[in-house]
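Taking it in order: structure first as structure tokens, then the write-up.
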Amino acid sequence: MSLDMPKFSDLDALYDEAEAKVATSMYEDPALFDAEMEKIFHKTWVWVAHESEFPDKGSFKLSHVGKEPVILVRDRKGAIHCMVNRCRHRAATVCEVKKGKTSSFQCPYHGWGYGLDGSLRALPYPEQYGDDFDKAQHGLLKLRTDSYAGMVFATFNDELEPLSDFLGPVKKWIDLFMKQGGGFPVKVLGEHQFKVPMNWKVQLENTTDAYHFPIVHKSFLQSLDGETEQVFSFLEHGRGFVEDLGNGHSVMVMMPELVDLDENLDAPIPERFSELAEELRGEGYPEDQVKKIVRAVGGAGFNLNLFPNVSFSLSFFRVLRPVTVEETEIRHIALGMEGGPAAANRMRLRLHEHFQGPMGFGSPDDAEVWERVQRGTKGGETLPILVNRGMVDEAEGADGPRGHISAETGMRAAYAMWKRMMSA
Amino acid sequence: MTEMTKIETGATLMEVTAFLWAEADLLDRKDYDPWLALWDGQGTYVMPITEPGEALKSASGYAEALNLCYDGAKMRKDRVARFQAGFSISSAPPAQTVRTVSRIVIEAVEGELIHVRAAETVVEDKFGRQRLFAADMGYVLVSTADGLKIRDKVVRLLNSDGMLTSISYLF
Ligand code: FES
Ligand SMILES: [Fe+2]
């Protein structure tokens, strides 16, 4: 028996790029999972938070980078720090409160105290460490962080390209997505969290999968009024597309008329938002602002899928966290308008609850089919998983290959990046 | 509550207990039409997301927050229709459930309204795996000529603000 770590030298067998075939073991091999944590989640920009989740000096929230628990915090000057939630003495977590405000982090075990920037400030009875104990060498392990449009990313990789380069053409789509603030800053309203017995890549694929929507979400579609059902019948009208944006990222345009929420402000207000419009008028909002808010309230008409762990959809973020090779945690983060009308934010909450989360009309059906994928891969080990849909008429788009709305172009983008990172 | 005699309180507790048990039986059997008929049509069915141990609010107190569900009469009906139509893969078939409702406390009686707290545990089974849920519940029941009705129901899962799993039935 060899003591070597598996090298996965045959990456071509795991993902055959020319044929767009994924090997079954991609969802099942624990050694491959460990390698992914090292070569992907330790090496690239991983989404950790939205700035509105810890807005003030001293605000913090817990998050993860791959399997590693981290703390996001703002220091006294408002600068953002990300550090591993592990005491430098004997490893106890220094914080178990999910979110809050503090002036320092004190380890509960022997009392080592850390500042908001992670530096070791004080420890009880330091004499026993001798005179040459260097506190500067014993701060919490820090990660590099950077933000774009309020989205905070972190990485363990000091050599990695700047976030702005990593995102590339994604940035203009993020700018479009954030227009759903309707003239107000975008803020997090709350989140749904659920775990599913599936590999993380099953989830990565799904946010760029329009093909499943009319099947898996039929019962959601049936619960909509006719006009709204039309809006969500994007596969039927087929005006959208999926485009590879490089670095594993992709965009799936479902409702082209809702790509730029500042446009078409004079389009008639949909029936489902007419009550909200009335309420806003009643509160004294001028007509042009009413139109802007109401147009923004349903969210953006596209899904933006970022490699490896976050996507933007309608009016929420989907964040995935790999737990084990066959378990993944999902968070659906609801977005609202900071300082915007309470009625609009209330509508956002109800729309989010309608589809998302453990009790939504959509997510439980997604979770069921994802689990079915993981169960199905127990049979036919040698059969490939096909992500070749839409290769037939894929053409060059603005920033990369562009396919039919139901094409698996976004999955191919993600798997190509997966392969690039795994072979590094 | 203070104006009620011990005997009246005991009688109310028995009546409320029988009502909640009958409701639990309907829910385990997924007999949703009679369950919808238990409501008086004015209130809300809420599964809130709260910090651990936070005291339950009245149903309307969760309107400005993200909940697992916040269902008025129309959403309750739509939810049941979704379960019954057979197009939702997670609920056709749903997980099988066995539940217990207990630790029933009558908090207050105001006119025809009865404020109740209770505990619920549910074990679900699907694909041969079992999952356990426990919840604090708060009810506002209405005493009517046709017996008790539900005005509002709040069900707060343990770990409501943590990592859950998807749910294909009602609590
Ligand atoms: S483990 Fe933190 S102070 Fe000892
Ligand atoms: Fe879906």
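Chain letters run A, B, ... following the sequence lines, proteins first and then strands; every chain starts at 1.
- More than 12 heavy-atom neighbours from other residues, nucleotides or ligands sit within 6.0 angstrom of CD on A/E283.
- The number of heavy-atom neighbours closer than 6.0 Å to CD of A/E271, taken from other residues, nucleotides and ligands shown, is 12 or below.
- Within 6.0 Å of CZ on B/R29 lie more than 12 heavy atoms contributed by other residues, nucleotides or ligands.
- A salt bridge links B/R129 with A/E371: at least one charged nitrogen is closer than 4.0 Å to a carboxylate oxygen.
- B/F87 CZ to A/H217 NE2: the interatomic distance, rounded to the nearest 0.5 Å, is 15.5 Å.
- In this structure, B/S166 OG and A/H192 NE2 are separated by 12.5 Å, a value rounded to the nearest 0.5 Å.
- Note on B/A81, B/S91, B/A65: by heavy-atom pairs under 4.5 Å with chain A, the leading option is B/A65.
- When all heavy atoms of A/F361 and B/R82 are compared, the pair lying nearest together is O-NH1, 3.0 Å.
- Summarising the geometry of A/L349 relative to B/A63, their closest heavy-atom pair is CD1-O, 4.0 Å, with the distance given to 0.1 Å.
- The structure places NZ of A/K218 at 12.5 Å from OG of B/S88, a figure rounded to the nearest 0.5 Å.
- At a heavy-atom cut-off of under 4.5 Å, chain B is reached by A/E329, A/I330, A/R331, A/A334, A/A342 from residues 325-343 of chain A, listed in order of number.
- Side-chain contact between A/M359 and B/R79 is present, with heavy atoms from C-beta onward closer than 4.5 Å.
- Contact annotation for B/D71: neither backbone nor side-chain heavy atoms come within less than 4.5 Å of a heavy atom of chain A.
- In this structure, the separation between CG on B/L66 and CD on A/E191 is 9.0 Å, given to the nearest 0.5 Å.
- Here the OG-CD distance, from A/S219 to B/Q84, works out to 12.5 Å after rounding to the nearest 0.5 Å.
- Chain A forms more heavy-atom pairs under 4.5 Å with one residue of B/G86, B/S160, B/S90 than with any other, namely B/S90.
- Neither the backbone nor the side chain of B/A92 has a heavy atom closer than 4.5 Å to any heavy atom of chain A.
- The local environment of CD in B/E51 is sparse, with at most 12 non-hydrogen atoms from other residues, nucleotides or ligands closer than 6.0 Å.
- Residue contact with chain A, scored on non-hydrogen atoms closer than 4.5 Å, is absent for B/S168.
- With hydrogens and angles ignored, the 3.5 Å screen pairs no side-chain donor or acceptor of A/H354 with any backbone N or O of B/C69.
- In terms of heavy-atom pairs under 4.5 angstrom with chain B, the leader among A/R375, A/Q356, A/Q222 is A/R375.
- Of the atoms belonging to A/D365, heavy atoms from both backbone and side chain fall under 4.5 Å from chain B.
- Enclosure of atom NZ in B/K74 is not indicated, since only 12 or fewer non-hydrogen atoms of other residues, nucleotides or ligands lie within 6.0 angstrom.
- Among residue pairs with one or both ends in residues 348-362 of chain A, those qualifying as salt bridge (Lys or Arg N to Asp or Glu O under 4.0 Å) are A/R350-A/E353; sequence neighbours excluded.
- Contact between B/R131 and A/P197 at its shortest, heavy atoms only, is NH2-CD, 4.0 Å.
- Residue contact with chain B, scored on non-hydrogen atoms closer than 4.5 Å, involves the backbone and the side chain of A/Q193 alike.
- Residue A/Y211 qualifies as open at atom OH: its count of foreign heavy atoms under 6.0 Å is 12 or below.
- Atom OG of A/S223 and atom CE of B/M75 lie 7.0 Å apart (nearest 0.5 Å).
- For B/F127, the parts sitting under 4.5 Å from any heavy atom of chain A are the backbone and the side chain alike.
- With a 6.0 Å radius and a threshold of 12 heavy atoms from other residues, nucleotides or ligands, B/K77 has its NZ atom at or below the threshold.
- Using a 4.5 Å cut-off between heavy atoms, B/I167 touches chain A through backbone and side chain atoms alike.
- Within a 6.0 Å sphere centred on CD of B/E54, other residues, nucleotides and ligands contribute more than 12 heavy atoms.
- Interface remark: B/A85 contributes side-chain atoms only to the contact with chain A (heavy atom separation under 4.5 Å).
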